[in-house]
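Per chain, numbering begins at 1; letters A, B, ... match sequence-line order. Not measured: the values here are computed from a predicted model.
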Amino acid sequence: MDRIRISFRLNGVEREAFVSPEERLLDMLRDDMGMKSVKEGCGTGDCGTCTVLVNGKPVLSCIMPAFQARGKEITTLEGLNEDSAMKVIQDKFREYHAAQCGFCTPAMEIVGYKLIKESDGVPSKEEVKEGISGVLCRCTGYYDIVDALRSAAEVIKK
Amino acid sequence: MSVSVEEFIGELQRKAERGELLYIGQSLRRIDDLEKVLGKPIYTNDLLPRETLYARLVLSKQPHAILKGIGVARAISYPTVKAVLTYQDIPGENISSTIIPDRPLFAFEKVRSTGDIVAAVIAENERRAAEATELVDVQYEPLPAVFDPIEAMKPDAPKVHSEGNVIKHMKVRKGDVEKGFQDSDIIVENTFRTQFQDAVPLEAETALAIPRDNGKLLIIGSMQTPHHVQAAVARVLGRPLEDIEVIQAVTGGAFGPKSDEPPYDVSSIAALGAIKTGRPVLMSMTRKESMIAHTKRHPAIIHHKTGVKSNGRLVASEVQIVLDGGAYASLGVLVIVRATFHANGPYDIPNVKNDGYKVYTNNTYTGSFRGFGAPQAIFAAEAQMDEIARKLNMDPLDLRLMNMLRPGSRTSTGQLMDDSCGLPECVDAVVSASNYREKRREYSQQSGKVRRGIGIAMLHHGNALGPEGNDYAYVHLSVEKNGRVHLGTALTEYGTGAVSGLAQIAASVLGIPLDYFVLDRPDTLAHHETGATVASRVTAIGGNAARDAAMKLKERATAVAARLLGVSPSDVRIVDGLAFVSGNPKRTVSWEEVVRAAYESGVELSVIGYYMAPQCVWDQETGLGSPYNQYTFGAAVAEVEVDVETGQYRVLNYYVAFDVGKAINPKNVIGQLYGGSVQGIGYAMMEELVHVNGKVVNPNLKDYYIPTSMDVPERMVPIIVEKPGSMGVYGAKIIAEPPIVLPAPAIRNAIMNAIGDGVNDLPITAEKVYRKAKELGLG
């Protein structure tokens, strides 16, 4: 089958790939680019654990064809691990025990990061709940995640 | 902040007085979560070697049928397909079962549910493998099927296996219920129903098998009990145990199904494929495969008949529980034991007659899932209490206060409650936190479209395995020359933080900071077989083994420190990684120095700790006795707001208190109260895996709802009560499972308070509330 040549930026680095039309962004990121923080929890766009940022917006990489990454800026947790705001979020996740099994954690941190970056001041509990509502967590009941993100926002927005 | 030498010394001395409780009861950070927050490759599917092949399942299309033939030729010739596995490819025994050997790995002669695995296709990539599954030509001759467990119990029902459909009948007989009913002023009878619930661990079942040069196999997978998986794979392969090494990868949620048979399936199929192809094989269930082919929570039909005095005293309780076992026994034969023991709720009732049945049907199979029979049993028992209270025109809280277990009272099996019964304290805590009495009064006079209600529920939960098996554990500790302490155990971590808690216990005994510890991955080659990681038993039971190991290690380290300090070992204290002479902490030697001296003098700093719980004694026929060594207690209050015109409702506030004996790490306990409660809220309000004629119609997360962050109560108030138990380490009781139990009855009772009647079948959807409100002439 014909493969499509695409170029895009992944975590700030210019990358190129040959992808087949049906290949998912999730598979390209995990298998070809080694971005293992991107998880597959359902494969049908319902659980959110495969969330990455595409041009700064959260996108479900299991239902986005890889070729659509052409010319886009893709960000995964691997690209944010040195970011000072993300470091605060990760530290707060640990302080609040917000990562239990850890499977949703990268996606939660990414949507939390985006929420905090884009909000004026510290987001309210309701805003955080809404901001993370596209990512399912089966362990924590969300409370510790919401508290961790708000506490992180207090540090980041200081 | 700087401290003077005197202050520092004083602090060490004060800490030394805490002895082995140095770090117990502190919300220390977990030591296993750094890689998780960094998104490191730690889960099975992140660890694939090059050359890995992918397996996909062919599931039965029929709920009950004779297997006439399996045509694999077209699938085998499909591009990149390397193998198609069926029962014919099994060199050992075609069994993938925990207790009763009733379930083949691959269907043989007949299929008994749509979750039966008929074949597996192995190809170069997942897409090719998935496509090729459609080319496997399976011929069925349908058989009469049975989907209702009550129907299945009838003598003329279609037989799922060669014997009758009742797999297990469990009984409790205490006093004389017939006489009890005669002595009662009123009799209350009700039937309650519960649904299939899927655990939905966000990482579905998965295993990777890697062939080794010497013909042996390494299996890395997502699971709760590696040694059980090792034994299951060895049986299928017809190989000795030592040919198969199983390592538990970091596991993305488990909740019970991963202690049951699904990990056997994925591991055995990956293993068979690896042997057949000579290459690594990943068998990773899709969400859909998982929701069809793994074990779920048993649906239950529960009938209560209760005899009560007009003052509210419970006199007799007769309960019949029928669990839909689906097509196979699984760990469900133990689920019915727990359900039957807990069927009457946490009450002191003189006359009890319980009958629990686990029954085969042609639905997909059911088994282990957080709560293990308690969610069904306590939902019915606690709904029944509110029905009784209504008949007596009593407040449901007062009815409970009159009958609930307290120190000195007896359970349905006649077990005497001692001082470790913290149920009254739990009830007090949630009643006062929620302002239950005042709100109950306030909500008794409501009209209009939107109405509020408040409801209570409570439970006891027999600790750890009890009648489910020998409750033992091994924990290994081994110190590296640099002072780092490796903690290894075949008890597994899958989210709760319990294994990090074991390190916290060992750190506390040894007197060295938790960050000296490294958790080794559970590995059948490295660690003793230690029973199943189930029944929330890691902290309470495993904690005793961790303590034992740390005590042994401390004795050796202390002897070395004593030599360095020139005193007798009994005078040595170790605190925060510093050894010093008791009462005189001016001169210290560091843990590192002690370890180095041990290495230089041939003192082995490697130990194995062990614990075995006392045997539980109870009568098989009557259930009477002490089936559990200790109990966890809990109470919850839910406050709801119901729109009587639409039936839509939300939980505004949820208050939950648990007597956990001793909270080793309170933050971890709270994590279980939050997470378990929300999973229980899903069970109460929205989750139902729907079977139609044996087929699962919603095996995906679009049509099967689990709570999102928007569905949780605005306010959840978790409360820890501590009444130390006799078995668990430092008095700890188990806590991971029980919180899932209380939301369903508490919410059901709150809705009853709001609209005047309760919904008796789970989940309590808006539609059911709407119908109930219509029936009552509301809205």
With chain B as the partner, which of Glu95(A), His97(A), Glu40(A) has the greatest number of non-hydrogen pairs under 4.5 Å? His97(A)
With only heavy atoms counted, which part of Gln90(A) is less than 4.5 Å from chain B, the side chain, the backbone, both or neither? both
Under 4.5 Å heavy-atom distance to chain A, tell me which part of Ile42(B) shows up: side chain, backbone, both or neither. neither
In terms of heavy-atom contacts, does CD of Gln68(A) have more than 12 from other residues, nucleotides or ligands at under 6.0 Å? yes
Lys/Arg N to Asp/Glu carboxylate O, Asp147(A) vs Lys92(A), below 4.0 Å: no
Tell me, with the steps shown, if Ser290(B) and Glu205(B) meet side chain to side chain donor-acceptor pair (under 3.5 Å). CA-CA 7 Å; Ser290(B) 172; Glu205(B) 287 77 2; 2.8 Å; yes
Region of Asn125(B) in contact with chain A, defined by heavy-atom distances below 4.5 Å: neither
Is Glu714(B) salt-bridged to Lys129(A), going by a charged N under 4.0 Å from an acidic O? no
Applying the side-chain contact (heavy atoms from CB on, under 4.5 Å) test to Leu282(B), which of Val266(B), Asn45(B), Ile220(B), Leu53(B) qualifies? Asn45(B)
Under 4.5 Å, heavy atom to heavy atom: which of residues 705-712 of chain B reach chain A? Give them by number, or say none. Ile706(B), Pro707(B), Thr708(B), Ser709(B), Met710(B), Val712(B)
Heavy-atom contact with chain A under 4.5 Å, split by part of Thr251(B): backbone
Donor on one side chain, acceptor on other, Thr105(A) and Lys36(B), under 3.5 Å: no
